Novice: 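Quick one: the structure is below, and I'll ask about it shortly.
Model, not experiment: these values are computed from the prediction. Throughout, protein chains are lettered first and strands after them, A, B, ... in sequence-line order, and every chain is numbered starting at 1. Basis for what follows: all heavy atoms, side chains included, without hydrogens, waters or symmetry-related copies.
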4 protein chains.
Amino acid sequence: MLARVSSTPAFKRLPRAVREQQMLDAAVKVFSRRGFHAASMDEIADDAGISKPMVYAYLGTKEELFVACLHREGTRMMQAIAGAAAPDLPADERLWRGLRAFFGFVGAHRDGWAVLYRQARGEQPFAGELAAMRARMVEVVAGMLDHALRAEGREVAEAELEVVAYALVGATESLADWLADHAEADPEKTATRMMNVAWVGAAQLLQGTTWRPPAA
Amino acid sequence: MLARVSSTPAFKRLPRAVREQQMLDAAVKVFSRRGFHAASMDEIADDAGISKPMVYAYLGTKEELFVACLHREGTRMMQAIAGAAAPDLPADERLWRGLRAFFGFVGAHRDGWAVLYRQARGEQPFAGELAAMRARMVEVVAGMLDHALRAEGREVAEAELEVVAYALVGATESLADWLADHAEADPEKTATRMMNVAWVGAAQLLQGTTWRPPAA
Amino acid sequence: MLARVSSTPAFKRLPRAVREQQMLDAAVKVFSRRGFHAASMDEIADDAGISKPMVYAYLGTKEELFVACLHREGTRMMQAIAGAAAPDLPADERLWRGLRAFFGFVGAHRDGWAVLYRQARGEQPFAGELAAMRARMVEVVAGMLDHALRAEGREVAEAELEVVAYALVGATESLADWLADHAEADPEKTATRMMNVAWVGAAQLLQGTTWRPPAA
Amino acid sequence: MLARVSSTPAFKRLPRAVREQQMLDAAVKVFSRRGFHAASMDEIADDAGISKPMVYAYLGTKEELFVACLHREGTRMMQAIAGAAAPDLPADERLWRGLRAFFGFVGAHRDGWAVLYRQARGEQPFAGELAAMRARMVEVVAGMLDHALRAEGREVAEAELEVVAYALVGATESLADWLADHAEADPEKTATRMMNVAWVGAAQLLQGTTWRPPAA
DNA sequence: GATGAATGAGGGTTCATTCAT
DNA sequence: AATGAATGAACCCTCATTCAT
């Protein structure tokens, strides 16, 4: 009773950073499987093999925990893309590599994608977080378009560019959703398709082709 | 107590059909504002100016109520679009009118749109309902593309068409989201932008332009 | 719209007494199937083919309605027994006929029995009603025993008699429960068995045989 | 705020096993007083001096809680009886000791008895649990009768035996009900009475005395 | 006489969150 | 550092019961 031997198994008392990653892994998994609301802190703690108070101590509130997931997965995704699409490549090459990296990431981390987008879109507390992430992507895409246009000596109002970029990002997310839902689908092929859609549109823009509403 | 005049407020003891619409109005509003989970049946009932049991009596469970909202808003939207895009018009004209009707609807029913998509996308129980609606839209768009291509004597594999349509629908939803979030934005202008993106893409397809991944 | 013809179907507007029986029929059925608490006034009204306010108008509260069922079924049962066991017969003959009538009734009105006993026993509001009914039966049985004993020139303290009667009634109820649960069981045979148990006990009493606890 | 002495009341933060017993105690009490349906989890939790979620955490649903009560009380009762009626005693001795233990238990745990029988009999979800318990008792009694009969060189069809046993058990339950309702009644005396009824009946059986229905 | 419309009240259940050890 | 024990606060849902027509 008194002389408790101190030889706890070697894999306990892990350093904080490791524990946090375990928790985030569990959280991403559970959030992804159940959705934000249906996910319970109990299940997350269980899944992480840790007691609930620990989760609170390390990662705070359920909302904060979710945001942490968002951050980690979002950062990973951004890094994957940034690592693939070097800024000194020509625009179409950059776009293609970026898309390939993106769909590759989604295909490999379907859980992460579900957390990032499908959950976050619906729950208001995270609309801001998500909007910020999306804004970054829109900005990147718009930058690419702008760069390509300028190289051709053309110029388009920033607002217009942004909307087009927004649409392209939307289309991409939509295909990513589809990819996440189809376990058998091939990320590479999906990227090719999206590239096709995007590039033919962009090519048109490069040539100045525009559609105008008919005179009412 | 003495001689109570019988002019009770006109809004009591209404027939079922009326009350149901009031409830659905309230439900759409509250679901849209709070999200499915955060919305409480109490608030919906309050907002409809009725007691909770009536909601259950007429529209059933919270889930059933949400589905009822989905159905009503979805039907309204589909009718708005179908009413505008007569099937005997040329493809570009149909697309334009359809988009204009769509963004017009979203602009006028921002709440409804939020319920339809932003909420439904996230909550698993409704993924099916939503997928069905989106599938219908994808099918329509794909049909339009196919029709236009055939008119030009060209033909594209159905799977390819569907993915392109999927991407276009995704882009449209994305812009609709953006529109719903920007009270000052002009639906007509947004439709024009989307038309631009879609049509220049489609025009390329008509010409057989295609992007191919570089040989790895 | 104005000239509503007054030829309502001939089977509506029934006299009150008939309506009440219909309601009681429905109530007995529903109470028996669901149990007192699980039974809802809605279901009873539906089953009676009448609107809920009518039920309240005719038979009052849910509790009152249940008591009304209790009364009707109890009275019917008592009448069935009383009609069979004429008071001028010898004790064993009376007992036998009474038991046969009783089990016959239970077998034929399994619903009624379920309402009367199984439900009423559990719900405190009806403990009194039920105790009164049982008391009447105990009294009758005790009377029979007493009569038979006196005919043999023997006499037993009333309290003793009552307890024995109580036990016999309990045994009878127990077999009735069993009978109600076994659709295939034969009431006549069950009555014979109970008679056997009762009469051999009674016969012993008649002879003065008694068991005494061993000296501790 | 200043130097709060650490002698908090001794009844907080108790280990699970203790709390579970407290909860069961409270549950038995409240179920017994109010009946299954009328009992509220709130009252049970209050009575146990604990918050509702703990009840759910430890003992589950209201139904599961009731079953837990059933199990605990049933087991206690069975143990009390089994401990008293050693299987190597002569039949009458066993019966007597068993009955004495039984009525003693009922007298000492009137609440438990009410839960076990009065409530459980009425509520359909528990009919099975209860039937199982009663079946065990019937089996034991039938076994005793059979044993005694064989010792006398006689034999009775099993079905007959079972019905007699069923009746005896019913009679016993009935007296137990009566005992539970009469605070002033003496368990020992009640046991003697039941023994009297049972044993004189059994004695008759031993002698082969039987009642036969008169030829119709 | 008869009913659709309406509700007050309450019960079971769950969960994020925090003590006290 | 780590956890079992504990809870406040809601939320969904149901039902007996009654108006107003």
Novice: What is the distance, to the nearest angstrom, from the NZ atom on Lys52(A) to the P atom on dA20(E)?
Specialist: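 Roughly 17 Å, once rounded to whole Å.
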Novice: With a 3.5 Å limit on both atom pairs, tell me what dT17(E) is paired to, counting Watson-Crick and G-U wobble, or say none.
Specialist: dA6(F)
Novice: OP1 or OP2 of dG1(E) less than 4.0 angstrom from a side-chain nitrogen or oxygen of Arg19(C), does that happen here?
Specialist: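 The answer is no; no side-chain N or O of Arg19(C) sits under 4.0 Å from OP1 or OP2.
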Novice: Do the side-chain N or O atoms of Tyr58(A) get closer than 4.0 angstrom to the phosphate oxygens (OP1, OP2) of dA2(F)?
Specialist: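 For dA2(F), OP1/OP2 do have a side-chain N/O of Tyr58(A) under 4.0 Å.
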Novice: Specify the residue among Ile50(C) and His37(D) whose closest nucleotide of DNA chain E lies further upstream toward the 5′ end.
Specialist: Ile50(C)
Novice: Please identify each residue that fulfils side-chain hydrogen bond (donor to acceptor under 3.5 Å, both in side chains) with Arg34(C), with sequence neighbours left out.
Specialist: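 So Arg34(C) forms a side-chain hydrogen bond (donor to acceptor under 3.5 Å, both in side chains) with Glu43(C).
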Novice: Please state how far atom CZ in Phe66(B) lies from atom P in dC12(F), giving the value in whole angstrom units.
Specialist: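 Spelled out: CZ on Phe66(B) to P on dC12(F) is 14 Å.
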Novice: Closest-nucleotide mapping onto DNA chain E: is Met54(B) or Ala39(A) further toward the 5' terminus? I mean the 5' end.
Specialist: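 Its nucleotide being nearer the 5' end, the pick is Met54(B).
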Novice: Nearest heavy-atom pair of Cys69(D) and Ala27(D): which atoms, and what distance?
Specialist: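 Looking at all heavy atoms of both residues, the shortest contact is SG-CB, 3.5 Å.
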Novice: Examine dA6(F): is either OP1 or OP2 under 4.0 Å from a nitrogen or oxygen in the side chain of Arg13(D)? Give yes or no.
Specialist: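 Checking Arg13(D) against dA6(F): no side-chain N or O falls below 4.0 Å of OP1 or OP2.
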Novice: With both distances kept under 3.5 Å, what pairs with dG12(E), Watson-Crick or G-U wobble?
Specialist: dC11(F)
Novice: How long is the line joining CZ of Arg16(C) and C1' of dA2(E), in whole Å?
Specialist: 13 Å
Novice: Please determine, for the side chain of Ser51(B), which listed nucleotide (dT7(E), dC12(F), dT17(E)) has the closest atom?
Specialist: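 Of the options given, the side chain of Ser51(B) lies nearest dT7(E).
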Novice: Considering residues at least two apart in sequence or located in another chain, which fulfil the side-chain hydrogen bond (donor to acceptor under 3.5 Å, both in side chains) criterion with Gln119(A)?
Specialist: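 Testing Gln119(A) for side-chain hydrogen bond (donor to acceptor under 3.5 Å, both in side chains), a comparison that skips the adjacent residues, returns none.
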Novice: Is Tyr56(B) near enough to dC13(F) that one of its side-chain N or O atoms lies under 4.0 angstrom from OP1 or OP2?
Specialist: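 For Tyr56(B), the contact criterion (side-chain N or O under 4.0 Å from OP1 or OP2 of dC13(F)) is met.
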